[in-house]
Protein chains: 2
Amino acid sequence: MFRGLGRLGHMSAPPLEPSEHRSGALLDHLARRMRLRAESVLAPLGLRPRHLVALTVLRAGGGTSQQALATTLEMDSTNIVGLLNDLEAKQLIERRRSPQDRRRHVVELTDDGAKSLKEAECALASAEDEVLGALGPAERETLYELLRRAATTQVTCTETICGTDTDIDAC
Amino acid sequence: MFRGLGRLGHMSAPPLEPSEHRSGALLDHLARRMRLRAESVLAPLGLRPRHLVALTVLRAGGGTSQQALATTLEMDSTNIVGLLNDLEAKQLIERRRSPQDRRRHVVELTDDGAKSLKEAECALASAEDEVLGALGPAERETLYELLRRAATTQVTCTETICGTDTDIDAC
DNA sequence: TAAATAGTTGGTGCTTCACAGACGATTCCT
DNA sequence: AGGAATCGTCTGTGAAGCACCAACTATTTA
């Protein structure tokens, strides 16, 4: 049943005052509302929300290998292939063989990809207006910055040993 | 193809400096990462992320009808039934006939439900630590507050006329 | 040379979900 | 009172996402 996700200890932040405010459900809810609208808006561009996520990660992370992508997106490698096929067919990304390790494909955003991503984001403005309507411009920027920082944090634990499974059920 | 979602004008915020930062993709990405962990954590409790979302909305919104729930969750009414059946079977919610309109079911969180929700949120702490590891406690609280405000904004447009369909494709 | 790794392909099965159709109960309109 | 609309429920259907498995090639590493 369990998905075998590496439980990473994250001992950097000692549990000082663990506020009971969990944003998980809210995150889920808002993401759903956003995705519903994004699908409609993105359909004319031949893109799906998932593609946008991949492109966004690609833009932020630069050229990465496919399995690195699979790690950060937390998707199965086999499903990454199809996703990248879509994007490559539209020439939004490029797969180059890595000179260092010719087994690797270095995935990179093309100029078209960057442009297309920008267009898509522009098209998403109205969707975001609906979902984040309660927030002012400055607040949205704050939200964006927080999300960006949380999202671009590498899950470095994938390769490390990470044997600290001290279950903290104190709460 | 289109989902018939009421485009709400939101003319309160004039387009002053529409930052090109779209949080849609980031929201999606983080929600996915969170949900993957939440499923594992919530499984022992017999709950799924969707249930948590419903419970959270219920706690925030008090007793609402099922179709009101369907509106705020933006789910099909028929699927709401099954969702509520699950929660009612666990006695986390209660369906009472509305005295005003006996067709309506007033859905309310039970004490067990509130308790269970709290437990679940507690169990999600570790998951949130992994996903939001890059953010400090204060930042997480800020994030929570922003998400909460965005999420609890009623989509009042459902019933109103909302005839302002001035498509803003300036961008 | 043998083993491990990166990517690809194809296939299977589970789960979610929107949507449609039908039904009983209830309310609203005239 | 009679008819239409609404709320909730049940059932089924079909599409899509996704994890997982197995096999294969190309390449690197021990």
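These numbers were taken from a predicted model, which means no experiment stands behind them.
The interatomic distance linking B:M75 (CE) with D:dT9 (P) rounds to 13 Å, in whole Å. Nucleotide D:dG17 holds its C1' atom 16 Å from the CD atom of A:E74, rounded to whole Å. For the pair B:L83 CG and C:dC17 P, the interatomic distance rounds to 9 Å; values are reported in whole Å. Separating the CZ atom of A:R48 from the P atom of D:dC18 is a distance of 9 Å, rounded to the nearest angstrom. Rounded to whole Å, atom P of D:dC10 lies 10 Å from atom CD of B:Q66. In this structure, B:R32 places its CZ atom 14 Å from C1' of D:dA16, rounding to the nearest Å. Between the P atom of D:dG17 and the CG atom of A:L36 lies a distance of 13 Å, rounded to the nearest Å. Atom-to-atom, CD1 of A:I80 to P of C:dA6 comes out at 14 Å; the value is rounded to the nearest Å.
Residues meeting the side chain to side chain donor-acceptor pair (under 3.5 Å) test with A:R97, sequence neighbours left out: A:H105. Taking the salt bridge (charged side-chain N to carboxylate O under 4.0 Å, His left out) definition, one finds that B:R104 meets it with B:D101, sequence neighbours left out. In terms of the side chain to side chain donor-acceptor pair (under 3.5 Å) criterion, B:S77 has no residue partners (sequence neighbours excluded). Residues satisfying the side chain to side chain donor-acceptor pair (under 3.5 Å) test with A:Q91, not counting sequence neighbours, are none. Residues passing the side chain to side chain donor-acceptor pair (under 3.5 Å) test with A:E119, sequence neighbours excluded: none. Take A:R148 and apply the salt bridge (charged side-chain N to carboxylate O under 4.0 Å, His left out) test, not counting sequence neighbours, and it matches A:E145.
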Polar atom pairs between nucleotides 21-25 of chain D and protein, under 3.5 Å, N or O only, would you list them?
none

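The stretch residues 91-103 of chain B comes close to DNA chain C through B:D101, B:R102, B:R103, each having a heavy atom under 4.0 Å from the strand.
Comparing A:N79 and A:E88 against DNA chain C, the residue whose closest nucleotide sits nearer the 5' end is A:E88.
For the pair B:L84/B:L69, a side-chain contact is recorded, criterion being any heavy-atom separation below 4.5 Å from C-beta on. Residues B:M75 and A:L36 are not in side-chain contact: their nearest non-hydrogen atoms beyond the backbone lie 4.5 Å or more apart.
The side chain of A:H105 contributes no N or O atom lying less than 4.0 Å from OP1 or OP2 of D:dA26. Between B:N85 and D:dG8 there is no side-chain polar atom (N or O) within less than 4.0 angstrom of OP1 or OP2.
Under the salt bridge (Lys or Arg N to Asp or Glu O under 4.0 Å) criterion, the residue pairs touching residues 79-92 of chain A are A:E88-A:R95, with sequence neighbours excluded.
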